[in-house]
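Note that these values count all heavy atoms, side chains included, but never hydrogens, waters or copies made by symmetry.
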Amino acid sequence: MGFAPAEVQAMSLWEFQACQDGWLLLHGGKKAPGGDLTDDQLAEMGIEGF
């Protein structure tokens, strides 16, 4: 993706994954299988408010 190692180390996992998703989208890649979580699945994990 063109990042220097120090830039990758400074990123959180979420930031890196967002960059990866954007890079794949730009270059015609596909998202990993599994898709997005539903609101019910998020609620089961204790994540609410989206």
- Query: Could you give the distance from SG (Cys19) to CE (Met1), rounded to the nearest 0.5 Å?
  - Reply: 6.0 Å
- Message: Quick check for you: to the nearest 0.5 Å, what is the distance between Glu44 atom CD and Thr38 atom OG1?
- Response: 7.0 Å
- Message: According to a hydrophobic-cluster definition based on side-chain heavy atoms being under 4.5 Å apart (Ile, Leu, Val, Met, Phe, Trp, Tyr only), do Leu24 and Met11 belong together?
- Response: yes
- Side-chain heavy atoms under 4.5 angstrom apart, residues restricted to Ile, Leu, Val, Met, Phe, Trp, Tyr: same cluster for Trp23 and Val8? yes
